[in-house]
Amino acid sequence: MRNCESNMKILVVDDESLARARLCRFIETAELGDVVCQAQNGIEAIEAVEKFAPDVVLMDIQMPGMDGLEAAQHLSQLDTPPAIIFTTAYDEYALQAFDVQAVGYLLKPVRVDDLKTALSRLTKINKVQAHALNKSPRRSHISAKTHQGLELIPIENISLFRADHKYISVFHKLGELLIDEPLKELEDEFEGEFVRVHRNALVSIKAISGFEKVDDGGYALRLTGFDEAIPISRRHVAGIRKLVKGL
Amino acid sequence: MPKSSDTQAAPINTHTQPGYLASLVDPKELIPDLCQGRSVLWVILFSEALVIVLTLLSSGALDFSWEQFGMLSLYVQWMVLMCAAGLCRLRMHLPSMNINAVTGSAFTVIVIINLGLCLFTQWALNYFLFENLGWDWLLRNQLITAILAALLLHYFYVQMQSNLRARSELQSRVQALHSRIRPHFLFNSMNIIASLIHVDPDKAEQAVEDLSELFRASLKEAGSEVSLKQELELCKKYVNIEQLRLGDRLHVEWHIDAPDKTRIPLLTLQPLIENAIYHGIAPSPTGGKVNITLSYNDGRIFLQVKNPVTHTRQNNRKEQGNHMALENIRHRLHALYGENVMMATEQQAQQFTITIEYSYKDTQVNN
């Protein structure tokens, strides 16, 4: 537990304002810490974490936009991620993904005593648990640590993942960034939306705009908003041709 | 979001199909578990009774032939114990296969065991007592065994079917109950009420009353009819609770044009609204509007609920719940109004529409 002397900084995340109000009231009346901010969904939560650097996030699981599990997963990439306590009405299967002993979670309606206990033995999500979260439904965003903080790219804005030595370049509507995840795992996670065309390239099916022959006898793909043609490796040609025909 | 496709039909819809029955249970369960002492004891008692019947038939009651009884018992006991052992093994080692294959293999095992025993008996009698039973005896024995085995397996099959029916009925009842009381809704509502008690006790009280009404209705026998007015009141109570949770994200527009006395099955409209909110409003950060239309025209009731489509990426799990709720309503309407119930869903880019139409004749309405 950090900040033993000073008050604990707490971020409350829930899409229902009355649910947030209740937690805030508990924190205030029981003097458990300072609520630095409230957020209504996962995306807001990530922004708030970057802005206020809270010690703890009380995170609802089912939220519109980005849910709590995914937000927690993105947050675990930060250098000093906050501890996370999930709050949920009825979602225990979502929590089976990781060892609930290690990560706090509270069932709604939350009791003030349970909240106290959870805050007194805070734990951060470790890499293994973050990975377990990854197995839950596919993410809505890809996150990357940049010098500005955690950058979130909506999946629908991404046209290409390209493996480049150790990292993967993510090409999206507003530019390009680097992430550190295996291409194979991305391929599995976004199956149906992205397709492997080459050992080093995974393209968004939605972004495909053309299929063409290139000089050396091979084939390449054209992507919307992307000047360069993406070469298709020989073993993927037949599959891609079929896919493009069906579009 | 493939809401409109009915490819993932809810189990309730298919529970008359053998495929579904088979998926509920392993076809191997056709063969009773004969590896247990208790069931072997029953087999012995049952076959002894059969032996008594056979002896009585051929020797009569007063001249009851103990000799024949003994010989038959010896043979029949060998036979059934070996069959029990064979079927016990078969049940343990049978790879998963369909019901016909299981029946076939059980039948084959019994017939082969009998053939083996017959040949052995013939050889033993010939060798020790110099008595020849002849081929007729072998043939007769095999035929009797085959017929009895077929009858027995048929009995097992019928028994399994009735077990399955009971099981699937139970399962669908549980599912129906579960879909009527969504735990997520219940506990979130409780959370809201807990919060309101401090902020606004009057509203909290109201919410408790509304929630009670909803649950009272959920626990009523499915299929009971209520007046349209009652159903609408229930829907409004439900919307009140959702409004507390979702705040200004939820807008509801009502277009009701039917006499209050029209009867409709309890909880017909409410689950449609719940679906619309659960799939259309709750997953959207900005929310949206649910349009509810209900009209009565020319002896037909027309129900329509529209909600905006929210593109979330984690909807698979929810999809199933959605189908279940819709299937439940479909089944209840079919049960009450027969086959003329029309239920259609339409998925557009921005909007999801569900329409239900059915003939409804009621003297109170027509007068």
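What's counted below: heavy atoms across the whole structure, side chains too, no hydrogens, waters or symmetry copies. Chain naming here is simple, since letters A, B, ... match the order of the sequence lines and numbering starts at 1 in each.
Annotation: side chain of E44(A) is not in contact with side chain of P285(B) (no heavy-atom distance under 4.5 Å).
Within a 6.0 Å radius of CD in E31(A), other residues, nucleotides and ligands contribute 12 heavy atoms or fewer. The number of heavy-atom neighbours closer than 6.0 Å to CG of D188(A), taken from other residues, nucleotides and ligands shown, is above 12. Heavy atoms from other residues, nucleotides or ligands lying under 6.0 Å from CD of Q351(B) number more than 12. In K236(B), the NZ atom is crowded: over 12 heavy atoms of neighbouring residues, nucleotides or ligands sit closer than 6.0 Å. Applying the 6.0 Å contact sphere to CD of E191(A) captures no more than 12 heavy atoms from other residues, nucleotides or ligands.
Considering CE of M190(B) and CG of L107(A), their distance stands at 14.0 Å, rounded to 0.5 Å. To the nearest 0.5 angstrom, N191(B) atom CG is 7.5 Å from D14(A) atom CG. Once rounded to the nearest 0.5 Å, the distance linking CG of L18(A) with CG of D200(B) reads 9.0 Å.
The candidate from K108(A), Q40(A), E16(A) with the greatest count of non-hydrogen atom pairs under 4.5 Å with chain B is E16(A).
Nearest approach of A89(A) to N188(B), heavy atoms of both residues: CB-OD1, 3.5 Å.
Only the side chain of N41(A) comes within contact range of chain B, judged by heavy atoms closer than 4.5 Å. At a 4.5 Å heavy-atom cutoff, the contact between A194(B) and chain A is made by backbone and side-chain atoms alike.
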